[in-house]
Amino acid sequence: MAERDVRRRRLVLAVCCTSVFIGNLNNTVLNVALPAMQRDLHSSLSGLQWTTDAYLIVLAALLMLAGSAGDRLGRRRVFQTGLAVFTLGSLLCGLAPGLGWLTAFRVLQAIGASMLNPVAMSIITNVFTEPRDRARAIGVWGAVMGVAMAAGPLVGGVLVQTAGWRSIFWLNLPIGLAALVCAARFVPESRAAAPRRMDPIGQLLVIILMATLTYAIIEVPATGWSAPATLGCAVAAGAALIALIPYERRRPEPLVDLRVFRSAAFSGASAMAVCSFFVLGGFLFLNTLYLQNVRGLSALAAGAYLLPMAGMNILTSPISGRLTAAYGPRLPLLLAGAATTGGGLLLAAADAETRNVLLFPAYCLIGIGVGLANTPVTNAAMAGMPQEQAGVAAAVVSTCRQFGQALGVAVLGAVLAAGLHHGTYAGFVAAARPAFWLVTACGAAILVLTLLTTTRPVDRVAASPRQQAAYAAGTETGS
């Protein structure tokens with residue numbers, strides 16, 4: 001291969017990784033800024049939940065649509081559009097005069113972000129055609145994703161401490177503009193030979209389901225289930241689900257191909273993806289509020305406190321890939337479930353928040369649990385799936401990750417809000433204890449699902465050499 005072609009492919013990979021970095025950093029960097037935003041914008045706890053979940057819900061709902069749009073309209077075109085919209089949304093978030101405007105601009109950010117990860121993966125797959133080169137490129141891509149998510153709290157702490165909470169959005173501007181220019185120059189245009197048809201009705205039903213369910217969960221502590229808006233949203237979520245299932249079954253090319261859920265391994269992996277990211281989203285939301293509003297730490301100190309979790313996440317992600325390649329998904333998922341359960345127990349049963357000697361081990365265990373789960377979840381989802389359904393399966397698992405994170409913020413935040421007194425943070429430890437029991441339950445659910453839906457021996461036939469190389473690099477191809 002000519003040196004010029006190698007250099008160009010590396011530049012394409014760098015552009016894709018840059019977009020993945022800012023998109024995934026944005027998922028976690030916000031958490032450390034929440035207390036400062038609450039003071040500046042006079043927000044309630046539910047307002048902070050919406051600041052986070054507005055982004056996650058829209059991102060989860062549009063991932064599959066964005067991937068199909070890239071295949072049909074051109075991957076570079078959709079990718080550049082995503083970068084432009086995400087960068088514009090970041091600028092507007094940094095200028096938002098109030099909480100309502102900030103939430104609306106976060107939605108705009110998420111629309112752009114939904115065009116980055118799935119389309120970037122398609123671009124990488126199209127540019128790196130040799131299996132070994134593709135596996136290495138996916139390994140780099142996955143490593144950048146993991147580092148971005150893990151580094152978010154510390155980066156957020158530094159920015160909030162030195163330049164204020166608005167700077168976490170302004171950080172995206174130079175990176176997004178540089179990526180946009182480089183994408184126009186170096187990323188080749190490509191389309192799928194037979195792109196999937198659009199499914200606007202299915203897409204609308206998915207958005208209604210996710211948005212109304214999340215609204216009902218977030219608002220119920222303040223309004224109760226009998227409030228018309230809360231009850232109406234709960235009913236709308238149920239109606240959307242009831243309508244979605246038969247509608248998608250009848251379509252020849254549905255947005256959500258329900259046939260993939262006939263596989264016990266895939267259904268179990270999807271549930272484990274929800275559980276793992278439920279823990280990640282809810283845990284970060286609760287603990288950044290606790291460290292700053294209860295312990296009185298600065299944003300920078302709060303980010304530093306969360307370093308054990310971030311460090312364990314970064315350390316165990318590649319280890320998980322190697323374990324998955326060598327032994328299959330069962331072992332790393334059992335370890336992930338055990339670590340998550342142990343961390344939740346320290347927080348729920350031992351009041352680890354009150355003593356650093358227990359708090360830091362709890363943070364480490366949660367980080368290990370999240371880091372170990374990501375790669376084997378993808379492996380378990382793909383095991384036994386027909387090749388023609390692999391892309392759809394990966395998109396569904398990626399959606400489960402994002403929606404699980406949104407549910408974590410909504411559910412654990414609602415549990416906390418129900419236990420707090422008159423909107424203050426007095427009695428935080430007691431109020432948060434039921435939330436941490438839910439974290440423990442998620443860890444136990446991962447253990448049970450692993451035992452029920454993954455095979456005991458390594459199924460090396462289910463994974464191609466290219467897939468095994470990608471798993472060994474510590475990657476996951478569904479985000």
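Positions are given from 1, in the same order as the sequence printed here.
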Enter the distance from T453:OG1 to L333:CG here, rounded to the nearest 0.5 Å. 8.0 Å
Under 3.5 Å: donor-acceptor pair, side chain of R106, backbone of T51: yes
Can you tell me if T440 uses its side chain to pair, donor with acceptor, with the backbone of L345 under 3.5 Å? yes
Strictly distance-based, threshold 3.5 Å: is any side-chain N or O of S19 a donor or acceptor partner for the main-chain N or O of C16? yes
Heavy-atom side-chain proximity of P153 to N31 below 4.5 angstrom: no
Is any side-chain heavy atom of F266 closer than 4.5 Å to one of V396? yes
Could you please spell out the steps behind the side chain to side chain contact (heavy atoms under 4.5 Å, CB included) verdict for L48 and F285? CA-CA 9 Å; L48 295 183; F285 182 82; 4.2 Å; yes
So, do L102 and F169 sit near enough that their side-chain heavy atoms are less than 4.5 Å apart? yes
Drop me the distance from R166's CZ to S90's OG, to the nearest 0.5 angstrom. 13.5 Å
Would you compute the distance between atom OH of Y363 and atom CG of N356 and round it to the nearest 0.5 angstrom? 8.5 Å
Backbone of L372 reached by a side-chain donor or acceptor of S320 within 3.5 Å: yes
Under 3.5 Å: donor-acceptor pair, side chain of R75, backbone of I123: no
Between the side chain of S167 and the main-chain N/O of G164, is any donor-acceptor distance below 3.5 Å? yes
Short question: side chain of T18, backbone of A14 - any donor-acceptor pair under 3.5 Å? yes
Rounded to the nearest 0.5 Å, what separates atom CG in L56 from atom CZ in R401? 14.0 Å
With side chain to side chain donor-acceptor pair (under 3.5 Å) as the test, would you mind laying out the steps for Y305 and N287 before giving the verdict? CA-CA 10 Å; Y305 259 64; N287 278 273; over 6 Å; no
Quick check: are there more than 12 heavy atoms from other residues, nucleotides or ligands sitting under 6.0 Å from CZ of R77? no
Can you list the residues that meet the side-chain hydrogen bond (donor to acceptor under 3.5 Å, both in side chains) rule with S122, with sequence neighbours excluded? none
Among L407, V279, L284, V439, which residue meets the side chain to side chain contact (heavy atoms under 4.5 Å, CB included) test with L412? V439
Looking only at atom types and distance, does a side-chain atom of Q203 sit under 3.5 Å from a main-chain N or O of A61, one as donor and one as acceptor? yes
Please enumerate all residues that pass side-chain contact (heavy atoms from CB on, under 4.5 Å) together with A299, with sequence neighbours excluded. V32, V160, Q161, Q292
So do the side chains of N26 and L30 get within less than 4.5 Å of each other, counting heavy atoms only? no
Is the F277 to F403 ring centre distance short of 6.0 Å? no
Student check: side-chain heavy atoms of T87 and N172 closer than 4.5 Å: no
Donor-acceptor contact present, side-chain R355 to main-chain A350, <3.5 Å: yes
Taking all heavy atoms of L63 and all of S398, pick out the closest pair and write down the distance. CD1-OG, 3.5 Å
Does the side chain of L83 reach to within under 4.5 Å of the side chain of L116, using non-hydrogen atoms? yes
Check the pair L59 / Q405 against side chain to side chain contact (heavy atoms under 4.5 Å, CB included), numbers first and verdict last. CA-CA 11 Å; L59 179 61; Q405 198 170 345; over 6 Å; no
Answer whether the closest heavy-atom distance between the side chains of L447 and L334 falls below 4.5 Å. yes
Worked check of side chain to side chain contact (heavy atoms under 4.5 Å, CB included) between F128 and L13: CA-CA 9 Å; F128 291 87; L13 178 60; 4.0 Å; yes
Count the heavy atoms of every other residue, nucleotide or ligand shown that sit under 6.0 Å from CZ of R10, and state whether that count exceeds 12. no
Which distance, rounded to the nearest 0.5 Å, do you find between the CG of L286 and the CG of L347? 9.5 Å
Mind telling me whether F86 and Y55 have parallel, tilted or perpendicular rings, with 30° and 60° as the class edges? perpendicular
Just verifying a value: how many Å separate L41 CG and R39 CZ, rounded to the nearest 0.5 Å? 11.0 Å
Does any N or O in the side chain of R8 come within less than 3.5 Å of the main-chain N or O of F186, such that one atom is a donor and the other an acceptor? yes
Would you sort out whether M64 and V206 count as a side chain to side chain contact (heavy atoms under 4.5 Å, CB included), showing the intermediate values? CA-CA 11 Å; M64 288 181 284; V206 168; 5.6 Å; no
Is there a side-chain contact between L335 and L323, using heavy atoms and a 4.5 Å cut-off? yes
Please step through side chain to side chain donor-acceptor pair (under 3.5 Å) for the pair W50 and E219, ending with a clear verdict. CA-CA 10 Å; W50 276 118; E219 298 299 330; 3.1 Å; yes
